[in-house]
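The structure appears below as structure tokens.
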Amino acid sequence: MGEVILQMKDIDKSFPGVHALDHVSFSVEKGEVHALMGENGAGKSTLMKVLTGIYTKDSGTITYEGKEVEFHNAREAQAAGVVIVHQELNMVGHLNVAQNIFIGREFKKGIKIDDKKMIEESRKLFEKLNIDIDPTATMSDLTVGKQQMCEIAKAISHDAKVIIFDEPTAALTEAEIQDLFKIIRDLREQQLGIVYISHRMDEIKVITDRVTVMRDGCYVGTLITKDCTKDDIVNMMVGRVIYEEPKTKSMVSEDAPVVLKVEHLNAGKMVQDVSFELHKGEILGFSGLMGAGRTETARAIFGADPKESGDIYVNGEKVVINSPEDAVKAGIGYLSEDRKRFGIVVQKTIAENTTMANLSEFMKGIFINKKKEKKIAKELADSLATKMPSVDELVVNLSGGNQQKVVIAKWLCKNCDILIFDEPTRGIDVGAKNEIYKLMNKLASEGKSIIMISSEMTEILRMSDRIVVMCEGKKTGELRIEETTQEKIMNFATRDVG
Amino acid sequence: GAQQAQTPDAEAPAADTQATEAAAPESAAPEGKELNFKIVVKSFQSSYWQAAVTGVNQAAEELGVNVECNGPNAESDIADQVNMLTNYVNGAPDGIGLAACDQSACLDALQMAKDAGIPVVCFDSGCPDAPEGSVLSTIATDNYGAGATAAENMYAALKDTIANASAPVRIGEVNQESTSESITQRGLGFVDKFAELATADGKKVAVVGNEFYVNGAKDKGDEATADVIIEVAVPAQTTVELCATEASAIMNKSDVLGIFGSNQVAAEGILSANENLNKLGSEPGKTILGVGFDAGSVIKGAVKDGTMFGAVTQSPLAMGRATVKTLYQIATGETVSDISTEGYWYDSTNMDSPDILPNLYD
Amino acid sequence: MKKEKTAVKLKQELIVFLVVIALLTFFCLASENFRQYTTILTIMDYSYYIVLMAIGVSFPLITGGVDLSIGTGLVCYSLAGGYLILHCGWPVGLAMVVTVLFGTIIGVINGVLIGVMDLPPFLATLCTCMITRGLGSICSQNTGISWPTAGQPGSWFRSIFKLDIGGTKIPLGFIWVLLLAIMMHFVLRHTKVGRYIIAIGSNKEAAILSGINVKFYHIMAYTISGLFAALAAIAYSAVFKTVLPGTGAGFELEAIGGAIIGGVSATGGAGSIIGTFVGVFVICLLKTGLPFIGLQANWQQIVTGFVLIGSVMVDIIKKRREKK
Amino acid sequence: MILKKIKENPIVKKLGFNRIVLTGVLILMYVILSCLVNNFAGMPRVMSALNYAYFLGFLSLGVTFVIATGGIDFSIGPVMFCCALISGYSLTSHGVPMGLSLIISIVVGVIFGAFNGYLVAYQKVPPFIVSMASMNIAKGVASVFTKTQSVSWPQAAKGGWFRYFVKVGKVPVGIIVFFAVAIACSILLNHTKAGRYMLSLGSNREAVRLSGVDVKKWEMLAYVICGLLVGIAAIYFVGAYTTVQPGYGDQYNNEAIAGCVMGGTSMAGGLASIGGTVIGVFIIALLQEGILALGFTKDYQLIITGIIVICAVYADVMARRRRN
Ligand SMILES: Nc1ncnc2c1ncn2[C@@H]1O[C@H](COP(=O)(O)OP(=O)(O)OP(=O)(O)O)[C@@H](O)[C@H]1O
Ligand SMILES: Nc1ncnc2c1ncn2[C@@H]1O[C@H](COP(=O)(O)OP(=O)(O)OP(=O)(O)O)[C@@H](O)[C@H]1O
Ligand SMILES: [Mg+2]
Ligand SMILES: [Mg+2]
């Protein structure tokens, strides 16, 4: 800890209809890791985008290294030493790793770009950070995790004085997270100021020095991490106590009827000979590291990607699923992990998104019964506590967490018996998370069966009746919740299945 | 056609104001109010039309009348021309001169003109199906005859070569498009006349290439046994470079003796193709005899230096003048009739003669 | 690993090159008349303006956009330049400079509309397509215009593209367009302009967040396109006798088709100028060759249409395979 | 501030602020032109403008569906000509009865629509490539079928009873048909499953697919509907202008797309307004009539249309930017 390097005071920012930042103040000191926390839509990303010149503030001052500054774009901020690793991946897929790392500040030889030197420098950078990535590989060929590591390396390579990590671990494996923490600690040693945004409470406790909490665009308070408990932070975030404890016992008897049976499913490299059963009323957790192939398995079952072989039985009957349409007909719903790309139709309203999968139910002759549509959508949105002005609002105007609720509402509206939830709480705040957990439990108790893919161990342990573990495209283990421990899961998840 | 339809038709459902205005010239024009004529040309793309417009303007000045010329972007923009024509009819001028891009597309508008009592004079191309009494005079070149003129002159030069040929010979023809009446007539005129002359000399003739011309020719013959093959090509669109492509495909054949481009663009396409091939010239049998149509600086230059054997020109300037004059005559109550203009053959020898020179516009 | 990658990239260009050779061989075998030196001259003549347009339009295509204004633009610039020579008595050299400037300005306007004002490329260039078409007709007072032809003063500029040495014609223009292609290939691969244009096409958001002045490079891409359309205008005027107002729509399709056949990704982010250069010759060969084997003009259009779809389909199927 | 209040007014909201502004522009244009031009404000001018508005309107309505799905189709003009040529040639040269000819026109349109739609939806060929190709193919096919001949449809008095769809005497019957079709399109787009899915997939194709919707089918349907409307447009074109020629039609693409976009349909997909399209088309038709009446050439219309579209789209872009 040391002197204040960056001070944001009374920052105000409105988007049409949203007061995203309401006179927020925030400061970072040299040599600290400062966590920024808050529910979805609290304004964390917006605050950081204001800082780095991506958004212009309405009012307020930013003091950096003792001088008042205003960055007009990302480049100015970078030049001054303020860099950000964005929440969304921002890589140029067609260029190689080195070209990506040095984009915007290429080495030149005359008018020619010196690609050789850039590759050399990237190699050095990766060596220093202990990252195993080939600088000449094309970016789009890398796994999401590796891409994220590149992004982090790129930020570090900027010779920055302040680095902002906006949910950097969302796409990283456990091992990669540990590497990242090591890097962050090194940076802290070098007296950099670090802002760390995350929803994962464990990480906050492990890596940060101070925590600033925001709620609804307002500054709530700042705590010293080691002096506070998880509950303190959560309290500040939501203004109420959240109750969270692991499941200890399966709620489903072993002889409950099998609603979904997958046998010897093969689909590309990432899904190899996967077999499992899903019982009625069960929540089946799918655990594994990033890139284990769980999403691919789910997508293959759902017919979103082509499969090579394998049989799927729904309620004992063999079904042919070649497209999501077939899957939905068979009573399977899929909540994807990337809602922006796969979940919501941003130009459409909440009501229209809600009925997307089940429009046939809302037809009056050849016409859509918009009244009924709105009514049902409203009921569902209310039951999920979606924050919205009305169901006529465009989904694009909602924050991430609320968008996720709309996607969930879509499948609830379809009333599927088998639901695949892929990272249902990714990027969702604690309060909303808890509601979603309750909801899943309720659905299960009503006789629906749920596959829940999650990278959060606590979530898996808390929610699942049974757990399937995958590694490198293969199923490596299956555990009943009673016999499960974190260690057992990690064992399976890292098992060398060569 | 005869003078008629000048008195406002009491039954015509046109607006009253229009009827009165249309009627006005008959009594008032010669003494008082200036006459307003509108001229619709096919386009301004080639200098042919520029010459016609010049003629129109000259006559207008001489007669002291107002004229306004307009035309679509390209001769293929039929709908645009119809809109223009309709627009002029709605403006109730004292008369309209029309060079119709298409014979039938203008019929509705001509009916409207008739109903509104506006006299129409067609020039360059006629409108044979026009409602009775709407088109009072047609001033046009006999295109079929003009095509034949080209054929006669080309045949005369090639007569000996064809007579002495041991193997079948080929005559090419490039038509800018096969849709405009005047151009198709020219093309067919050329094909028929050439075939006629060759047949008279005891040769068997076949027509190949574009099906419309093959089917339209008087006798399409049989390619396998023919001594003279007339090959007709039509590019897909009206651009010089497409005309040139078709021309070079024909001119590349070793048995080609002559090639005819049936309008300015087609002739220029032939000359463009010759840039590379260098096969055109004025020596029958040794070089390919190129025959063009219309004038313009490029064709004139080529005819002058002998690259192009000769060409047929019309007199757009005279046609333009005649159009305005005829309209004036109608407005002043004179009786008018159709005027047929000719196509004139010109080559390097007679280019400067007083008959021809005025018709060679740039 | 790196070598492998370049090998793969080269392969695309090589395949197209082989297609060109195959087409050439086919036409030579099929038609005796095709097998002549003059045919090469003809093909070259047709290729210059399309190649130049295609090189230019590759840049907007790689940004993920498109430039539909190059065809009517070409005609417009050429008419404007020709008008200055014929009716204002300007020397050809100066008129050429103005022609190029005119094209560049329209390119900049396109760039500003798309890069700065954020209009969708299709629309913005569709509008400039209409505008240049109108401007061309107005510039030339609606009449066809011929740049100086052999014998007239100023006709020297025609020998930039075709040199006449004692009756033998040399397609000199090929050297210039090849040099320009190589130059622009270098620009795309090894300079900032090219790198950022690829970045914009691949992931615009990332480019912005990397501090790249996306607006400026968008303008650059369209400026290059406009500039090359203007160069194409000069090539067109030099090769053909007359330029007609109201034409030009459709030229851009040949250029874009050539670029796509040559491997420029229809969705942006990838492409090579050498590939474009080779790809255009597929189109030119079809255009010049088919009349030789007796296929009338209308069949050429059908064939070209299917070739275009075919070449994109090959790419799509290849990618689908790779995915598996 | 007042502007905002007006915009928030429920009635204004329901009708759409843009559409109200556009209607205002349309009326203003009419008033100004009536002042500037003698006897502009009469039925004959309106009839003439309507002639242009009909076929352009059907084209625009058609392309609205395609643009709603995030696609583009600039083969509509040539395809319209192809429809009119094939059916007209069947009528005049093969003795096919009139009724059947009209059906043939629509069928040809649907076939092209299905062809485009199949390639775009099922084969994932980028729409602009598909339209480039089918534009060529349409021209070529029409030309081959008619032996490169233009086709003139019969006049009303000589068996051309189809012209009564356009007008009966001086009564513009076409307007009724046009509005009926437009209303049907509007209902289809806003109140049926097909429309909902087309718009949605235009906004986010993957999300709709993962909702278990057969997106390919709906996407293709948009192109088929477009083809159908193009087939109808062909009938209205010859109904008004009698003659069509092979090799042309591109000039109408731009204006049709312009009409659609002017009306507020977003090129990014997901947003479409049939009412806007209708008004946009009327503006273009009136503009064309007005420009001619003022004594200008078509070129000025192209330029003005281009500029208006740029302004309209820019306003849309700005509005959206402010919203986000
Ligand atoms: N570009 C924008 N236009 C309009 N509203 C926006 C925009 N960006 C963010 N918002 C709104 O501002 C608020 C704050 O959003 P922000 O992304 O900063 O939240 P966050 O704290 O980062 O949430 P999350 O944890 O979900 O990432 C939200 O209500 C969001 O809907
Ligand atoms: N956006 C992407 N781009 C490239 N490759 C990807 C992408 N997403 C996934 N992959 C590939 O698919 C593999 C497995 O995908 P993914 O990481 O989603 O598996 P998973 O087990 O579902 O993990 P998680 O659900 O935790 O994300 C990755 O290793 C990667 O190679
Ligand atoms: Mg955020
Ligand atoms: Mg996953």
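Reckoned from all heavy atoms, side chains included, excluding hydrogens, waters and symmetry mates. Sequence lines set the chain letters: A, B, ... in the order given, protein chains first and strands last, and positions in each chain run from 1. All figures in this text were calculated on a predicted structure; none of them were measured in a lab.
- Heavy-atom neighbours of chain B within the stretch residues 69-84 of chain C, taken at a separation under 4.5 angstrom, are nonexistent.
- In this structure, C:Y49 has its ring center at least 6.0 angstrom away from the ring center of C:F228.
- Interface residue B:Q50: only side-chain heavy atoms are found under 4.5 Å from chain C.
- The two atoms that bring C:M53 and C:A229 nearest to each other are CG-CA, 4.4 Å, heavy atoms only.
- Contact check for B:T184 versus B:F212: side-chain heavy atoms found under the 4.5 Å cut-off.
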- Task: Dump the intermediate steps for side-chain hydrogen bond (donor to acceptor under 3.5 Å, both in side chains) on B:S182 and B:K42, then the final yes or no.
- Result: CA-CA 12 Å; B:S182 49; B:K42 283 193 188 179; 3.2 Å; yes
- Task: Could you walk me through whether B:D124 and B:Y48 pass the side-chain hydrogen bond (donor to acceptor under 3.5 Å, both in side chains) test, one step at a time?
- Result: CA-CA 10 Å; B:D124 180 72; B:Y48 178 85; 2.6 Å; yes
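- Interface remark: C:S146 contributes side-chain atoms only to the contact with chain B (heavy atom separation under 4.5 Å).
- For chain C, no part of B:V41 is nearby; none of its heavy atoms comes within less than 4.5 Å.
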Kindly list each side-chain donor-acceptor pair under 3.5 angstrom involving residues 162-177 of chain C, sequence neighbours excluded, with atom names and distances?
residue : atom : partner : partner atom : Å
C:K162  : NZ   : B:N276  : OD1          : 2.5
C:K162  : NZ   : C:D45   : OD2          : 3.0
C:D164  : OD1  : C:G167  : N            : 3.0
C:T168  : OG1  : C:I165  : O            : 3.4
C:K169  : NZ   : B:E275  : O            : 2.4
C:W176  : NE1  : C:I160  : O            : 2.8

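- A donor-acceptor distance shorter than 3.5 angstrom exists from the side chain of B:N274 to the backbone of B:L280, with no hydrogens or angles considered.
- When every heavy atom of B:M351 is checked against every heavy atom of B:V303, the shortest pair comes out as SD-CG1, 3.7 Å.
- For B:Q81 (side chain) and B:A99 (main-chain N/O), a donor-acceptor pair under 3.5 Å exists by modelled atom type.
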- Task: For the pair C:F157 and C:F161, evaluate ring pair (Phe, Tyr, Trp, His ring centres under 6.0 Å) and give the outcome as yes or no after the intermediate values.
- Result: CA-CA 8 Å; C:F157 89 101; C:F161 291 91; 7.9 Å; no
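- For residues 244-257 of chain B, a heavy-atom distance under 4.5 Å to chain C picks out B:A244, B:T245, B:E246, B:S248, B:A249, B:N252, B:K253, B:S254, given by residue number.
- For C:Y236 and C:Y48, the ring centers are positioned 6.0 Å apart or more.
- For residues 26-39 of chain C, a heavy-atom distance under 4.5 Å to chain B picks out C:N33, C:Q36, C:T38, C:T39, given by residue number.
- Between C:T99 and C:A230, the closest heavy-atom pair is O-CB, 3.5 Å.
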